[in-house]
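Down below is the structure, laid out as structure tokens.
Protein chains get the first letters and strands the later ones, always in sequence-line order, with residue 1 at the start of each.
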2 protein chains.
Amino acid sequence: MLSMKTQYAFKALMYMAQQEKQRPILIAEIADQKTIPLKFLENILLQLKKAGILNSKKGKGGGYLFAKNPAEVKLATVMRLIDGPISLLPCVSLHFYTKCKNCDENFCGLNKVMLQVRDASLAILENKTVSDIAGTQPLTELAGIKVE
Amino acid sequence: MLSMKTQYAFKALMYMAQQEKQRPILIAEIADQKTIPLKFLENILLQLKKAGILNSKKGKGGGYLFAKNPAEVKLATVMRLIDGPISLLPCVSLHFYTKCKNCDENFCGLNKVMLQVRDASLAILENKTVSDIAGTQPLTELAGIKVE
DNA sequence: CATATTGCGTTTTCATCGAGAGCATATAAG
DNA sequence: CTTATATGCTCTCGATGAAAACGCAATATG
């Protein structure tokens, strides 16, 4: 299961992407609307900012903004950022691979099955983006600049 | 990711299914061959027994046996038994469903995507069995009794 | 400067994971 | 019936991580 942290991240990103006008959005507003603990959400948004997904502005009129077009933020990226591996076993992970002891992967039937599961999951999670789950059209501009 | 407990369970089941002759297998033998902490494995096998997957015999010549044909033990069953939900969100779980607060599932894009992921995963995990990952032919007899 | 807002390290609480100890119980062999 | 062999069961323990709160620093606005 996804951690609450990742679930909160998705809810926050959805909320932000669903806004009519792109404008700095307060942490407190998101926390309030989506029932997310304020200080916890603070950490989450900061982490998304450090990963280059969001931008922030301090002081009056500040808040959080998208740094990337939400149509380019893959669900898999967010999940890996916060929860780590998407795979069910370390020995089938693309981004967090570690060998399992006492097991030759070439002859491990479990490895083969979990590879299939990973591929099936990634086929979806690498192709769906924040704007898909927000149910919005891709943005046509970002911070006032037109994007393709 | 699967917990160590589930990973150990799969390794133990694979080892048991790979034996030439079906015979009572000692916990200690499995622990030794697969490098699993003895007392931890004891708990795991007991749990599999209580779920009706394994049988055990005490005393000399005792050990663990399959109660079901390994070809009938689905990976999904073992995973749910030990780790709980396979789904990534509680609101898309078949066996452990709980509603998520502040979210109408009919209009939640995240819900829809995670449903897809669940279905893709279960299509594999509900159809692969212990004998698939053990790489063995299905047993032709169980406890001396012929099975189909 | 006053105020609004994010940045960030620390701490707390709690549950769960992974593991081990010790004793109880059942069974087979002699 | 006794002994050795195995599993059954309960309790405990430490480490880890999840979830969340606290407090203050940094920064931007006007």
Side-chain angles (χ1 to χ4, degrees), chain A residues 1-12 16 23-32 34-67 79 81-85 88-90 96 100-101 143, chain B residues 1-12 16 23-32 34-67 79 81-85 88-90 96 100-101 143:
Chain A
M1 297 255 291
L2 296 183
S3 67
M4 289 309 296
K5 199 168 177 180
T6 300
Q7 294 181 44
Y8 289 153
F10 281 133
K11 293 213 170 186
M16 289 180 66
R23 55 169 172 97
I25 305 172
L26 297 186
I27 300 177
E29 178 186 338
I30 304 172
D32 192 54
K34 302 307 246 180
T35 329
I36 302 172
L38 182 66
K39 298 295 286 184
F40 198 26
L41 180 57
E42 197 180 287
N43 287 324
I44 295 166
L45 296 183
L46 192 57
Q47 201 171 344
L48 292 170
K49 176 188 174 176
K50 285 180 177 166
I53 295 169
L54 298 179
N55 251 334
S56 67
K57 220 180 130 186
K58 287 184 180 178
K60 188 159 193 172
Y64 272 93
L65 291 156
F66 276 101
M79 288 169 59
L81 179 66
I82 298 180
D83 266 356
L88 293 175
L89 294 179
F96 301 87
C100 48
K101 64 184 173 188
Chain B
M1 298 255 290
L2 298 182
S3 66
M4 290 309 296
K5 198 168 177 180
T6 300
Q7 293 182 44
Y8 289 153
F10 280 134
K11 294 214 170 188
M16 289 181 65
R23 56 173 171 95
I25 305 173
L26 295 186
I27 301 177
E29 178 186 336
I30 303 172
D32 191 54
K34 302 307 246 179
T35 328
I36 302 172
L38 181 66
K39 299 294 286 183
F40 199 25
L41 180 58
E42 195 180 289
N43 287 324
I44 296 167
L45 296 184
L46 193 56
Q47 201 171 343
L48 292 171
K49 176 188 174 174
K50 286 179 177 166
I53 295 170
L54 297 180
N55 251 333
S56 66
K57 221 181 129 187
K58 287 185 179 177
K60 190 160 192 174
Y64 272 93
L65 291 156
F66 277 100
M79 288 170 59
L81 179 66
I82 299 181
D83 267 356
L88 292 175
L89 293 179
F96 301 87
C100 49
K101 65 184 174 189

| task | Apply the test salt bridge (charged side-chain N to carboxylate O under 4.0 Å, His left out) to residues B:Glu42 and B:Lys5: give CA-CA distance (whole Å), side-chain angles for both, the deciding distance (0.1 Å), then the verdict. | result | CA-CA 11 Å; B:Glu42 195 180 289; B:Lys5 198 168 177 180; over 6 Å; no
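Remark on DNA chain D: of its neighbouring residues A:Gly61 and B:Lys57, the 5'-side contact belongs to B:Lys57, judged by nearest-heavy-atom nucleotide. Heavy-atom nearest nucleotides on DNA chain D were determined for A:Pro37 and for A:Gly59, and the one closer to the 5' end corresponds to A:Pro37.
Residue-level contact check: B:Leu38 touches neither bases nor backbone, having no heavy atom under 4.0 Å from any strand. Backbone-only engagement by B:Leu26 is indicated by non-hydrogen atom pairs under 4.0 Å involving sugar-phosphate atoms exclusively.
Between C:dG18 and B:Tyr8, no contact under 4.0 Å exists linking OP1 or OP2 to a side-chain N or O. At least one side-chain nitrogen or oxygen of A:Ser56 sits closer than 4.0 Å to the OP1 or OP2 atom of C:dG7. Checking the phosphate oxygens (OP1, OP2) of D:dG8, a side-chain nitrogen or oxygen of B:Tyr64 falls inside 4.0 Å.
Rounded to an integer number of Å, the gap from B:Leu41 CG to D:dG8 C1' is 14 Å. Nucleotide D:dA18 holds its P atom 12 Å from the CE atom of B:Met1, rounded to whole Å. In this structure, CZ of A:Phe40 is placed 7 Å from C1' of D:dA20, rounded to the nearest angstrom. The distance between atom CD1 of B:Ile30 and atom P of D:dA6, rounded to the nearest whole Å, is 13 Å. Distance CD (B:Glu42) to C1' (C:dT25): 13 Å, rounded to an integer number of Å.
The stretch residues 44-54 of chain A has no heavy atom under 4.0 angstrom from DNA chain D at all.
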